[in-house]
Amino acid sequence: AIVEDGLRAMCLENVQLAGSFRTRTRLPDAPIEVDARACSVTTPHKSAIDLQPPSYWLPPAVAARMTAAGIMRYTVRLADVRAIPEAARAICSAARNCERDGFALVIA
């Protein structure tokens, strides 16, 4: 569930519209990085509204599973937010490179 939340968090876009701040779901243009060493899920900086690039915690147990499988980092490309649960399962199981409907997972 935490990995799913992290991937969903990378799909949030903050905008300012008519003086108010809004957050909406939008697939990131750049790949999502899942880093076992840093225990993080990140994307590059998205907007002038956000001072820091988005970042989310990767559970140490998932990072350990990735590291044991020789995987230090993944890049994840999402084409559909509905694919997030399956992408999270692939990450949690330390899957090798895979491409499925809605996402691609590549060992970086």
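The analysis underlying the following values was restricted to heavy atoms, covering all of them including side chains, and did not include hydrogens, waters or symmetry mates.
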Any heavy-atom pair between the side chains of S93 and R65 that's under 4.5 Å? no
Answer yes or no: is there a donor N or O on one side and an acceptor on the other, between the side chain of R73 and the main chain of E33, under 3.5 Å? no
Identify, with sequence neighbours excluded, every residue that meets side chain to side chain contact (heavy atoms under 4.5 Å, CB included) alongside A30. P44
Mind listing the closest non-hydrogen atom pair of P31 and T43 along with its distance? O-CG2, 4.2 Å
Minimum-distance pair of heavy atoms, taken over all atoms of C39 and P60: SG-CA, 4.2 Å
Considering only residues two or more places apart or on different chains, which pairs with a residue in residues 77-91 satisfy side chain to side chain donor-acceptor pair (under 3.5 Å)? D80-R82
Going by side-chain heavy atoms closer than 4.5 Å, which hydrophobic residues are tied to V15, directly or by a chain of links? L17
Going by side chain to side chain donor-acceptor pair (under 3.5 Å), name the pairs with one or both residues in residues 18-30, residues two or more places apart or in two chains. E13-R24, N14-T23, S20-R22, R26-D29
Apart from I91 itself, what residues make up its hydrophobic cluster when side-chain heavy atoms of I, L, V, M, F, W and Y under 4.5 Å apart count as a link, directly or indirectly? I2, V3, L7, M10, L27, I32, V34, V41, Y56, W57, L58, V62, M66, I71, Y74, V76, L78, V81, I84, F103, L105, I107
Side chain to side chain donor-acceptor pair (under 3.5 Å) filter on E4, not counting sequence neighbours, yields R8
